[in-house]
Amino acid sequence: MIDKVKIARQFIEAVPHASALGMELSEIDDGRAVISMPYDKRLVGDPETGVIHGGAVSAMMDTCCGAAVMSHPSAPGGTATIDLRIDYMRAATPGQRITTTATCYHITRSVAFVRATAVDDDADRPVATATGTFTVEKR
Amino acid sequence: MARPRPEPIQVVKQRRDSALKALVDAVPYIRFLGIEFDRRGDELTAVLNYDDKLIGNPFLPALHGGATAAFLEVTAIIALGWAQVWPQIESGALDPQDMAAGRLPRMPKTIDFTVDYLRSGLPRDAYARATINRSGRRYASVQVAAWQDHHDKLYAQATGHFLMAPPPPTDETA
(Lines give C-alpha, C1' and ligand atoms only; values in the text may rest on other atoms or scores of the structure.)
Protein backbone atom coordinates (compact mmCIF):
# COMPACT_ATOMS: atom_id res chain seq x y z
CA MET A 1 0.00 0.00 0.00
CA ILE A 2 2.85 2.38 0.85
CA ASP A 3 4.33 1.71 -2.60
CA LYS A 4 1.16 2.82 -4.33
CA VAL A 5 1.09 6.13 -2.42
CA LYS A 6 4.70 6.76 -3.30
CA ILE A 7 4.09 5.91 -6.96
CA ALA A 8 1.04 8.18 -7.10
CA ARG A 9 3.00 11.10 -5.62
CA GLN A 10 5.85 10.63 -8.08
CA PHE A 11 3.36 10.26 -10.90
CA ILE A 12 1.61 13.56 -10.06
CA GLU A 13 4.90 15.40 -9.68
CA ALA A 14 6.10 14.05 -13.05
CA VAL A 15 3.03 15.43 -14.83
CA PRO A 16 4.32 18.32 -16.97
CA HIS A 17 1.08 20.32 -16.86
CA ALA A 18 0.78 19.93 -13.08
CA SER A 19 4.31 21.21 -12.52
CA ALA A 20 3.80 24.04 -15.06
CA LEU A 21 0.91 25.25 -12.89
CA GLY A 22 3.00 24.89 -9.72
CA MET A 23 0.83 22.15 -8.18
CA GLU A 24 2.04 20.50 -4.98
CA LEU A 25 0.63 17.26 -3.63
CA SER A 26 0.54 17.36 0.18
CA GLU A 27 -1.64 14.38 1.13
CA ILE A 28 -2.63 11.20 -0.65
CA ASP A 29 -4.11 8.11 0.92
CA ASP A 30 -7.01 5.72 0.68
CA GLY A 31 -8.97 7.48 -2.08
CA ARG A 32 -8.31 11.00 -0.81
CA ALA A 33 -5.85 13.57 -2.20
CA VAL A 34 -4.91 17.17 -1.36
CA ILE A 35 -3.21 19.38 -3.96
CA SER A 36 -2.48 23.08 -3.71
CA MET A 37 -1.35 25.75 -6.15
CA PRO A 38 0.30 29.09 -5.30
CA TYR A 39 -1.02 32.37 -6.69
CA ASP A 40 0.69 33.09 -10.01
CA LYS A 41 0.21 36.18 -12.22
CA ARG A 42 0.53 34.05 -15.39
CA LEU A 43 -2.69 32.25 -14.44
CA VAL A 44 -4.81 35.39 -14.11
CA GLY A 45 -8.13 35.34 -15.99
CA ASP A 46 -9.40 38.83 -15.13
CA PRO A 47 -6.62 41.44 -15.44
CA GLU A 48 -8.75 44.11 -13.73
CA THR A 49 -9.13 42.17 -10.47
CA GLY A 50 -6.16 39.76 -10.70
CA VAL A 51 -8.44 36.77 -10.11
CA ILE A 52 -7.09 33.36 -11.26
CA HIS A 53 -8.76 31.92 -14.39
CA GLY A 54 -11.38 29.23 -13.81
CA GLY A 55 -9.49 27.00 -16.24
CA ALA A 56 -6.49 26.84 -13.87
CA VAL A 57 -8.81 25.81 -11.04
CA SER A 58 -10.30 23.14 -13.36
CA ALA A 59 -6.83 21.78 -14.11
CA MET A 60 -6.07 21.45 -10.39
CA MET A 61 -9.47 19.81 -9.75
CA ASP A 62 -8.85 17.30 -12.54
CA THR A 63 -5.37 16.42 -11.26
CA CYS A 64 -6.53 16.09 -7.66
CA CYS A 65 -9.52 13.91 -8.59
CA GLY A 66 -7.27 11.66 -10.70
CA ALA A 67 -4.82 11.35 -7.79
CA ALA A 68 -7.65 10.42 -5.42
CA VAL A 69 -8.73 7.62 -7.78
CA MET A 70 -5.20 6.23 -8.09
CA SER A 71 -4.78 6.18 -4.31
CA HIS A 72 -7.97 4.18 -3.75
CA PRO A 73 -7.27 0.66 -2.41
CA SER A 74 -9.47 -0.88 -5.16
CA ALA A 75 -7.79 1.00 -8.03
CA PRO A 76 -5.28 -1.28 -9.76
CA GLY A 77 -3.47 1.34 -11.82
CA GLY A 78 -3.92 4.48 -13.87
CA THR A 79 -7.01 6.51 -14.63
CA ALA A 80 -8.45 8.95 -17.17
CA THR A 81 -11.23 11.51 -16.83
CA ILE A 82 -14.59 10.49 -18.33
CA ASP A 83 -16.42 13.63 -17.25
CA LEU A 84 -15.84 16.50 -14.85
CA ARG A 85 -18.25 19.20 -13.74
CA ILE A 86 -17.03 22.29 -11.90
CA ASP A 87 -19.29 24.73 -10.05
CA TYR A 88 -17.73 28.11 -9.37
CA MET A 89 -19.05 29.56 -6.13
CA ARG A 90 -16.91 32.69 -5.95
CA ALA A 91 -13.70 34.24 -7.24
CA ALA A 92 -10.55 33.05 -5.47
CA THR A 93 -8.96 35.93 -3.55
CA PRO A 94 -5.98 37.30 -5.53
CA GLY A 95 -2.62 36.56 -3.88
CA GLN A 96 -3.85 33.50 -1.98
CA ARG A 97 -2.94 29.85 -2.48
CA ILE A 98 -5.77 27.56 -3.66
CA THR A 99 -6.08 24.09 -2.09
CA THR A 100 -8.20 21.25 -3.45
CA THR A 101 -9.29 18.15 -1.54
CA ALA A 102 -10.68 15.29 -3.64
CA THR A 103 -12.39 12.11 -2.42
CA CYS A 104 -13.05 9.00 -4.46
CA TYR A 105 -16.31 8.04 -2.69
CA HIS A 106 -17.26 5.03 -4.81
CA ILE A 107 -15.43 2.73 -7.17
CA THR A 108 -16.49 -0.19 -9.38
CA ARG A 109 -14.37 -2.45 -11.61
CA SER A 110 -14.64 0.14 -14.40
CA VAL A 111 -15.70 3.52 -12.99
CA ALA A 112 -14.54 5.74 -10.11
CA PHE A 113 -16.80 8.49 -8.70
CA VAL A 114 -15.09 11.55 -7.24
CA ARG A 115 -15.99 14.79 -5.46
CA ALA A 116 -13.67 17.73 -4.83
CA THR A 117 -13.72 21.10 -3.09
CA ALA A 118 -11.32 24.02 -3.67
CA VAL A 119 -10.72 26.72 -1.03
CA ASP A 120 -8.39 29.68 -0.49
CA ASP A 121 -7.37 31.14 2.92
CA ASP A 122 -11.05 31.38 3.89
CA ALA A 123 -11.64 27.63 4.06
CA ASP A 124 -15.27 28.01 5.20
CA ARG A 125 -16.39 29.47 1.87
CA PRO A 126 -15.45 27.14 -1.02
CA VAL A 127 -14.17 28.72 -4.24
CA ALA A 128 -15.39 25.82 -6.36
CA THR A 129 -16.64 22.25 -6.14
CA ALA A 130 -16.33 19.44 -8.67
CA THR A 131 -17.91 16.08 -9.35
CA GLY A 132 -16.46 13.66 -11.84
CA THR A 133 -16.27 10.13 -13.13
CA PHE A 134 -12.97 8.47 -14.03
CA THR A 135 -11.95 5.25 -15.75
CA VAL A 136 -10.45 2.39 -13.73
CA GLU A 137 -7.61 1.03 -15.85
CA LYS A 138 -6.54 -2.59 -15.62
CA ARG A 139 -2.95 -2.96 -14.62
CA MET B 1 -31.23 57.54 -52.37
CA ALA B 2 -27.65 56.49 -53.15
CA ARG B 3 -26.36 53.47 -51.29
CA PRO B 4 -23.39 54.43 -49.03
CA ARG B 5 -20.06 53.22 -50.35
CA PRO B 6 -18.91 50.08 -48.49
CA GLU B 7 -15.90 50.49 -46.21
CA PRO B 8 -12.54 49.38 -47.64
CA ILE B 9 -11.77 45.77 -46.67
CA GLN B 10 -8.58 46.74 -44.82
CA VAL B 11 -10.56 49.06 -42.54
CA VAL B 12 -13.10 46.36 -41.74
CA LYS B 13 -10.47 43.65 -41.09
CA GLN B 14 -8.26 45.96 -39.05
CA ARG B 15 -11.17 46.97 -36.80
CA ARG B 16 -12.35 43.40 -36.18
CA ASP B 17 -8.90 41.86 -35.78
CA SER B 18 -7.69 44.53 -33.36
CA ALA B 19 -10.86 44.25 -31.26
CA LEU B 20 -10.41 40.46 -31.03
CA LYS B 21 -6.71 40.83 -30.23
CA ALA B 22 -7.50 43.29 -27.42
CA LEU B 23 -10.04 40.87 -25.94
CA VAL B 24 -7.62 37.90 -26.04
CA ASP B 25 -4.38 39.69 -25.09
CA ALA B 26 -5.93 41.05 -21.90
CA VAL B 27 -5.97 37.58 -20.32
CA PRO B 28 -2.57 36.32 -19.08
CA TYR B 29 -3.81 32.72 -18.74
CA ILE B 30 -4.65 32.55 -22.49
CA ARG B 31 -1.01 33.42 -23.28
CA PHE B 32 0.23 30.91 -20.66
CA LEU B 33 -1.68 28.08 -22.41
CA GLY B 34 -0.69 29.28 -25.91
CA ILE B 35 -4.24 29.71 -27.22
CA GLU B 36 -4.89 31.78 -30.36
CA PHE B 37 -8.09 32.63 -32.22
CA ASP B 38 -8.72 32.38 -35.98
CA ARG B 39 -11.49 34.65 -37.25
CA ARG B 40 -13.66 34.23 -40.35
CA GLY B 41 -16.22 37.04 -40.28
CA ASP B 42 -17.68 36.75 -36.80
CA GLU B 43 -16.90 33.01 -36.52
CA LEU B 44 -14.05 32.12 -34.16
CA THR B 45 -11.93 28.96 -33.98
CA ALA B 46 -9.69 28.62 -30.94
CA VAL B 47 -6.31 26.95 -31.48
CA LEU B 48 -4.38 25.33 -28.62
CA ASN B 49 -0.79 25.31 -29.88
CA TYR B 50 0.94 22.15 -28.70
CA ASP B 51 3.56 22.52 -25.99
CA ASP B 52 5.18 19.89 -23.73
CA LYS B 53 3.82 21.66 -20.64
CA LEU B 54 0.26 20.67 -21.68
CA ILE B 55 0.98 16.98 -21.17
CA GLY B 56 -0.89 15.15 -18.40
CA ASN B 57 0.24 11.60 -19.02
CA PRO B 58 3.90 11.46 -20.08
CA PHE B 59 3.78 7.70 -20.74
CA LEU B 60 1.11 7.71 -23.47
CA PRO B 61 1.70 10.73 -24.02
CA ALA B 62 -1.64 12.59 -23.76
CA LEU B 63 -2.80 16.14 -23.14
CA HIS B 64 -3.78 16.93 -19.53
CA GLY B 65 -7.55 16.81 -18.97
CA GLY B 66 -7.22 20.09 -17.09
CA ALA B 67 -5.48 21.76 -20.03
CA THR B 68 -8.33 20.57 -22.25
CA ALA B 69 -10.95 21.83 -19.76
CA ALA B 70 -9.22 25.21 -19.58
CA PHE B 71 -8.96 25.40 -23.38
CA LEU B 72 -12.71 24.78 -23.76
CA GLU B 73 -13.58 27.25 -21.00
CA VAL B 74 -11.40 29.96 -22.58
CA THR B 75 -13.09 29.27 -25.93
CA ALA B 76 -16.56 29.67 -24.39
CA ILE B 77 -15.74 32.91 -22.54
CA ILE B 78 -14.06 34.56 -25.54
CA ALA B 79 -16.97 33.50 -27.79
CA LEU B 80 -19.44 35.15 -25.38
CA GLY B 81 -17.31 38.28 -25.00
CA TRP B 82 -16.85 38.47 -28.77
CA ALA B 83 -20.61 38.12 -29.42
CA GLN B 84 -21.22 41.01 -27.00
CA VAL B 85 -18.50 43.21 -28.48
CA TRP B 86 -19.22 42.56 -32.18
CA PRO B 87 -22.31 44.81 -32.61
CA GLN B 88 -20.59 47.55 -30.59
CA ILE B 89 -17.44 47.61 -32.72
CA GLU B 90 -19.48 47.46 -35.91
CA SER B 91 -21.70 50.38 -34.81
CA GLY B 92 -18.72 52.40 -33.60
CA ALA B 93 -19.93 52.39 -29.96
CA LEU B 94 -16.67 50.64 -28.99
CA ASP B 95 -13.31 51.74 -30.37
CA PRO B 96 -10.79 48.88 -30.81
CA GLN B 97 -8.00 51.35 -29.95
CA ASP B 98 -9.66 52.06 -26.59
CA MET B 99 -10.00 48.31 -26.08
CA ALA B 100 -6.29 47.81 -26.79
CA ALA B 101 -5.55 50.54 -24.22
CA GLY B 102 -7.35 48.43 -21.59
CA ARG B 103 -10.88 49.86 -21.67
CA LEU B 104 -12.51 46.48 -22.11
CA PRO B 105 -16.08 45.41 -21.43
CA ARG B 106 -16.52 43.15 -18.37
CA MET B 107 -16.23 39.49 -19.35
CA PRO B 108 -18.82 36.84 -18.41
CA LYS B 109 -18.16 34.75 -15.27
CA THR B 110 -18.37 30.96 -15.28
CA ILE B 111 -21.16 29.53 -13.12
CA ASP B 112 -20.56 25.88 -14.01
CA PHE B 113 -18.65 24.00 -16.67
CA THR B 114 -18.92 20.30 -17.59
CA VAL B 115 -16.38 18.60 -19.81
CA ASP B 116 -16.89 15.27 -21.60
CA TYR B 117 -13.63 13.54 -22.48
CA LEU B 118 -14.33 11.54 -25.63
CA ARG B 119 -10.81 10.51 -26.67
CA SER B 120 -7.40 11.04 -25.17
CA GLY B 121 -5.83 14.30 -26.37
CA LEU B 122 -2.92 13.61 -28.70
CA PRO B 123 0.35 15.53 -28.35
CA ARG B 124 -0.47 18.00 -31.14
CA ASP B 125 -2.55 21.13 -31.79
CA ALA B 126 -6.23 21.15 -30.82
CA TYR B 127 -9.10 23.27 -32.13
CA ALA B 128 -12.40 24.34 -30.60
CA ARG B 129 -15.53 26.23 -31.51
CA ALA B 130 -18.28 27.46 -29.20
CA THR B 131 -22.02 27.61 -29.88
CA ILE B 132 -24.03 30.08 -27.83
CA ASN B 133 -27.36 28.34 -27.34
CA ARG B 134 -28.86 31.07 -25.23
CA SER B 135 -27.58 34.45 -24.17
CA GLY B 136 -29.95 36.49 -22.04
CA ARG B 137 -29.46 39.64 -19.99
CA ARG B 138 -28.12 37.73 -16.98
CA TYR B 139 -27.32 34.17 -18.00
CA ALA B 140 -25.85 32.39 -21.01
CA SER B 141 -25.63 28.72 -21.98
CA VAL B 142 -22.75 27.70 -24.22
CA GLN B 143 -21.56 24.44 -25.80
CA VAL B 144 -18.01 23.84 -27.01
CA ALA B 145 -16.71 21.16 -29.37
CA ALA B 146 -12.98 20.37 -29.65
CA TRP B 147 -11.12 18.25 -32.14
CA GLN B 148 -7.58 17.54 -33.33
CA ASP B 149 -6.96 15.86 -36.69
CA HIS B 150 -10.54 15.31 -37.85
CA HIS B 151 -13.28 17.84 -37.28
CA ASP B 152 -15.92 15.08 -37.10
CA LYS B 153 -14.00 13.15 -34.45
CA LEU B 154 -14.35 15.31 -31.35
CA TYR B 155 -11.83 14.62 -28.58
CA ALA B 156 -13.77 16.65 -26.00
CA GLN B 157 -16.98 18.59 -25.67
CA ALA B 158 -18.30 20.85 -22.94
CA THR B 159 -21.35 22.72 -21.80
CA GLY B 160 -21.36 25.62 -19.40
CA HIS B 161 -23.41 28.41 -17.87
CA PHE B 162 -22.17 31.94 -17.48
CA LEU B 163 -23.17 35.05 -15.58
CA MET B 164 -23.25 37.96 -18.01
CA ALA B 165 -21.73 41.29 -17.01
CA PRO B 166 -24.32 44.07 -16.77
CA PRO B 167 -24.22 46.32 -19.87
CA PRO B 168 -22.11 49.50 -19.52
CA PRO B 169 -24.07 52.67 -18.70
CA THR B 170 -25.17 54.50 -21.87
CA ASP B 171 -24.34 58.16 -22.53
CA GLU B 172 -27.79 59.26 -21.34
CA THR B 173 -27.45 57.59 -17.97
CA ALA B 174 -23.71 58.06 -17.41
Side-chain angles (χ1 to χ4, degrees), chain A residues 10-23 35 37 40-67 70 77-91 100 128-135 137, chain B residues 25-35 48 51-78 102-121 123 156-163 165:
Chain A
Q10 283 170 345
F11 185 82
I12 302 300
E13 285 168 7
V15 170
H17 194 60
S19 67
L21 288 166
M23 287 185 217
I35 291 182
M37 197 169 74
D40 185 335
K41 282 185 176 147
R42 297 173 305 158
L43 309 182
V44 165
D46 184 346
E48 222 162 290
T49 56
V51 169
I52 293 291
H53 197 284
V57 178
S58 302
M60 180 173 49
M61 290 282 207
D62 187 70
T63 309
C64 195
C65 289
M70 286 193 295
T79 184
T81 319
I82 297 172
D83 128 287
L84 188 70
R85 173 187 166 119
I86 319 260
D87 288 301
Y88 296 96
M89 259 68 89
R90 65 175 176 97
T100 297
T129 57
T131 50
T133 50
F134 286 72
T135 64
E137 313 271 322
Chain B
D25 285 356
V27 184
Y29 189 58
I30 295 181
R31 197 176 328 128
F32 174 81
L33 287 176
I35 300 171
L48 178 67
D51 188 282
D52 289 345
K53 73 166 183 285
L54 301 174
I55 289 294
N57 184 333
F59 305 109
L60 288 175
L63 293 182
H64 195 288
T68 295
F71 174 50
L72 272 59
E73 193 175 327
V74 163
T75 305
I77 293 173
I78 291 295
R103 280 184 288 280
L104 290 157
R106 303 291 301 158
M107 294 298 272
K109 287 183 188 151
T110 315
I111 300 168
D112 61 73
F113 202 71
T114 309
V115 184
D116 259 335
Y117 296 90
L118 306 172
R119 291 181 172 77
S120 84
Q157 62 183 7
T159 183
H161 296 93
F162 298 84
L163 190 62

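Sequence lines set the chain letters: A, B, ... in the order given, protein chains first and strands last, and positions in each chain run from 1. In this text, all values refer to a predicted model and were calculated from it rather than measured experimentally. Basis for what follows: all heavy atoms, side chains included, without hydrogens, waters or symmetry-related copies.
No side-chain heavy atom of Arg42(A) sits less than 4.5 Å from a side-chain heavy atom of Arg31(B). In this structure, the side chains of Met107(B) and Ile78(B) come closer than 4.5 Å at one or more pairs of heavy atoms. Contact of the Leu48(B) side chain with the Leu54(B) side chain is registered, since non-hydrogen atoms from C-beta on lie closer than 4.5 Å.
In this structure, chain A has no heavy atom under 4.5 Å from any part of Leu72(B). For Ala67(B), the parts lying under 4.5 angstrom from a heavy atom of chain A are both the backbone and the side chain. Of the two parts of Asp46(A), only the side chain, counted from C-beta on, holds a non-hydrogen atom closer than 4.5 Å to a non-hydrogen atom of chain B. In this structure, chain B has a heavy atom under 4.5 Å from the side chain of Thr49(A), while its backbone stays farther away. With a 4.5 angstrom heavy-atom cutoff, Ile82(A) touches chain B only via backbone atoms. At a 4.5 Å heavy-atom cutoff, the contact between Arg106(B) and chain A is made by side-chain atoms alone. Within the 4.5 angstrom heavy-atom criterion, only side-chain atoms of Phe59(B), from C-beta onward, approach chain A.
Per-residue counts of heavy-atom pairs under 4.5 Å with chain A were compared for Val27(B), Val74(B), Leu118(B), Ile55(B); the largest is that of Ile55(B). When each of Thr68(B), Thr159(B), Thr110(B), Asp116(B) is scored by its heavy-atom pairs under 4.5 Å with chain A, the top score falls to Thr110(B). Ranking Val44(A), Asp83(A), Val15(A) against chain B, the residue ahead of the rest is Val44(A), based on heavy-atom pairs under 4.5 Å. In terms of heavy-atom pairs under 4.5 Å with chain B, the best-connected choice from Gly132(A), Ala80(A), Ala56(A), Ala18(A) is Ala56(A).
Geometrically, Lys53(B) engages Phe32(B) in a cation-pi contact, judged by NZ or CZ lying under 6.0 Å from the ring centre and within 45° of the ring axis.
When only modelled atom types and interatomic distance are considered, Ser58(A) and Tyr88(A) share a side-chain donor-acceptor pair under 3.5 Å.
With salt bridges taken as basic N to acidic carboxylate O contacts below 4.0 Å, one links Asp87(A) and Arg85(A).
Ring-plane geometry between Phe162(B) and Phe113(B) is classed as perpendicular, the angle between the planes exceeding 60 degrees on a 0 to 90 degree scale with a lower cut at 30.
Side-chain atoms of Thr79(A) never come within 3.5 Å of backbone atoms of Phe134(A) as a donor-acceptor pair (strictly under, hydrogens ignored).
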